[in-house]
2 protein chains.
Amino acid sequence: MDESDTDTKKAARESGDTAPGQSAADDTQNGLLENASAKRRSGGVNARMRDVAKRAGVSTMTVSRALSDPDRVSAEMRERVITAVKEIGYLPNHLARSLSSTRSTTIGLIVPSVDNFIYTQTVKGLSEVIRRSGFQLMVAECGHDEDEEEEVIKTFLGHRVGGLILYNTEHTEEARAMIRASDVPVVESGNLPRRPLDMAVSYSNSEAAKAMTLYLGRLGYKKIAFACLDTRNNDRSRDRREGYLEALKQLGQTPDPRLIIDTARGMAAGAEAVAHAVEAVPEVDALFCGGGLLAAGAFFECQKRGWNMPGRIALASFDDIEMLHHLSPTVTTLRLPRYDIGVRAAQMLISRILDRADHLKGSVVDLKFEIIQREST
Amino acid sequence: MDESDTDTKKAARESGDTAPGQSAADDTQNGLLENASAKRRSGGVNARMRDVAKRAGVSTMTVSRALSDPDRVSAEMRERVITAVKEIGYLPNHLARSLSSTRSTTIGLIVPSVDNFIYTQTVKGLSEVIRRSGFQLMVAECGHDEDEEEEVIKTFLGHRVGGLILYNTEHTEEARAMIRASDVPVVESGNLPRRPLDMAVSYSNSEAAKAMTLYLGRLGYKKIAFACLDTRNNDRSRDRREGYLEALKQLGQTPDPRLIIDTARGMAAGAEAVAHAVEAVPEVDALFCGGGLLAAGAFFECQKRGWNMPGRIALASFDDIEMLHHLSPTVTTLRLPRYDIGVRAAQMLISRILDRADHLKGSVVDLKFEIIQREST
DNA sequence: TTGTAAGCGTTATCAC
DNA sequence: GTGATAACGCTTACAA
């Protein structure tokens, strides 16, 4: 590479636009190239910093500074740059910015499913904080599949996200290794992890289930059934079951396997759970549902059977979905801080990214829960 | 820039790693730089293509080809590259890839709210197709605010998304201009736009509301109230009201402004709507709710009042949420193809991006709706 | 089939 | 305070 080479390159680059009062001292052999790229960024939206610089009569560095750190530039320069940016309709290229600065403004979020309100409340909290902080959210689903999660993590790390939020606390070894190696801050949620990857924000599924079961036991219920969601590949479900069992032990009640009803998701499954429970143990006097829709379905089934709640059977739900306070009787629920979890998780993650708040490393934040006592118990 | 300069640069770059059986013919003055970058990519996750190339004893271009277009490389080379990638744990940098190729694998989605099931079903469809096609989803909320939407569009264009999905059909002039200038394909949804930006996939809110109202009218209801969600900054709500009014006209019924109940969102609002309606027009004999939660709330309120449905009042809902088929009586609803809209929108957008399917430009796809006739009417 | 060189659009760094 | 230059990590274009 010699002098002339460098010149050619420069000429090719500069000739994209002609600033007022500046002669075009080039266009020898690059006509074709120029037409192509000129067309590509016909709209100012695709213009480059170089174009702005030329128009403002400054260097690209001045444009860069004027845009990302205005104080490091004189008022006059700032003015000229801002004007040029507006005239052109220039939009800074975040890709180039990230590549060059090795800083990312993107946060990756992985949830089991994007259409389950359980997660969407948390996503809401995340989304609000993240956007307010100038970050962008990348979202992907992983089902209840660790391998799928690993794939998505790989993709997100490839996109060089600045942080990762995982609604899950169990990961493949490979996933853990990649995250460790990448040095990207991570918040886990959905449960309090035994072995946190980095940070975690959640409530405790086992504590919550235990508290509700204890509550029911103390009210005098002796045959408390538990409608249990799929525990395969789901530590949240497993922990809820654990909490239920622990409470029984503490209550001095012998756990009856027939009272643990394995159920699918959704209202229909809740209805079935009622049927199964009463069939297995006719004297069942309370049903604790491991999910909100489950409880709603159970409610309607009980109503259909003409059962009084709590007369014939008491009903309690793991999640406080809106529907449950509009039913009659209103249903006792566990209120989980889902929105707050999102807010807090985002705040912590962004602190780590922006302020290098390394003291947060390893924090596991328990945002607790609340039993909302209503008529059904 | 002269020969020696070039050499220095090269040396600095190459000395990051030492391939087996390759002497390190450098390390003169770059010790410091090297330590820094070596540390930064200690984990192979942050390694560069160059590192893989060195290890495999090939050029970066061979690595690049082996990874993105394996057939353009000999079997042996492919093998060597794959091995090196695995050994190092290399993850290609999507940022650099996109910047260099001016192709993006990111799609931006803008919805009014991420925690409303109305949108999440569509997001589910989008998400599945997008991920299967190797794209990534960026999500942001815009509320019901055009200016907010414009801001997000600006950010997304800055991130150089390959496509845009807007759950909204009304935009600021500025937003339209930016999108036009950027030449990024767009799908609008949520309504059938009068003035499509590019492509659109939806059902017609006015047609749906009209169909349901006609259905009620034909059943003989004479005083059909309409619980109307906020119409400010929301063409979907406005169109639903239009459809209702048009149906009344077609039925030969004179619209009664007192029967149009402006309501907030949520079940509580649905309950209030019932109260308002009967207060304003005691002889009201049907209530058509402009949203699913509204209908659920209205249902419970009617139940509380001991009203027979449809004996005292018929009830119909704009959206077919699960709850409504578990109530007794079951509620008549409008089933909207929300999930399919997501799938179709993603497919069209990706066709445009990948296959340059320009014939799709301008398509407005109407995925229709369905009246689910149940006991409440 | 493989490699070399230049460039994607920005920022870090170091002169001035 | 401002600018020139190299670099971020990859791909395009072209040469071998």
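So that the names make sense, note that chain A is the first sequence line, chain B the second, and so on, each numbered from 1.
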Tell me: [atom1] of [X] to [atom2] of [N], nearest whole Å?
X	N	atom1	atom2	answer
A:Arg50	C:dT11	CZ	P	13 Å
B:Leu95	C:dT11	CG	P	13 Å
A:His159	D:dC10	NE2	C1'	14 Å
A:Leu99	D:dA6	CG	P	18 Å
B:Arg80	C:dT1	CZ	P	16 Å
A:Arg97	C:dC8	CZ	P	18 Å
A:Leu67	C:dT11	CG	P	8 Å
A:Met49	C:dA12	CE	C1'	13 Å

Going by atom types alone, do B:His171 and B:Glu188 pair a side-chain donor with an acceptor below 3.5 Å? yes
Do B:Glu150 and B:Thr172 get their side chains close enough for a donor-acceptor pair, meaning under 3.5 Å? yes
Indicate whether OP1 or OP2 belonging to C:dT2 is found under 4.0 Å from a side-chain N or O atom of B:Ser74. yes
Enumerate the protein-to-nucleotides 12-16 of chain D contacts in which both atoms are nitrogen or oxygen and the separation is below 3.5 Å.
{"residue": "D:dT12", "atom": "OP1", "partner": "B:Arg103", "partner atom": "NH2", "Å": "2.1"}

Do you know which two heavy atoms are closest between B:Leu126 and B:Ala345, and how far apart they sit? CD2-CB, 4.0 Å
Nearest non-hydrogen partners of B:Ser104 and B:Gly162, listed with the distance: OG-N, 3.2 Å
Among [options], find the nucleotide with the atom closest to the side chain of [X].
X	options	result
A:Ala96	C:dT10, D:dG3, D:dC10	C:dT10
B:Asn93	C:dT2, C:dT10, D:dC10	D:dC10
A:Thr62	C:dG9, C:dT2, D:dT2	D:dT2

Upstream residue (5' side of DNA chain C) when B:Ala75 and B:Arg160 are each assigned their closest nucleotide: B:Ala75
Take A:Met348 and A:Ser363, measure what side-chain contact (heavy atoms from CB on, under 4.5 Å) needs, and give me the verdict at the end. CA-CA 9 Å; A:Met348 287 172 59; A:Ser363 355; 3.9 Å; yes
Assess whether side-chain contact (heavy atoms from CB on, under 4.5 Å) is satisfied between B:Thr106 and B:His159, documenting all intermediate values. CA-CA 9 Å; B:Thr106 300; B:His159 277 275; 6.0 Å; no
Compare all side-chain heavy atoms of A:Ile165 with those of A:Val186 and state whether any distance is below 4.5 angstrom. no
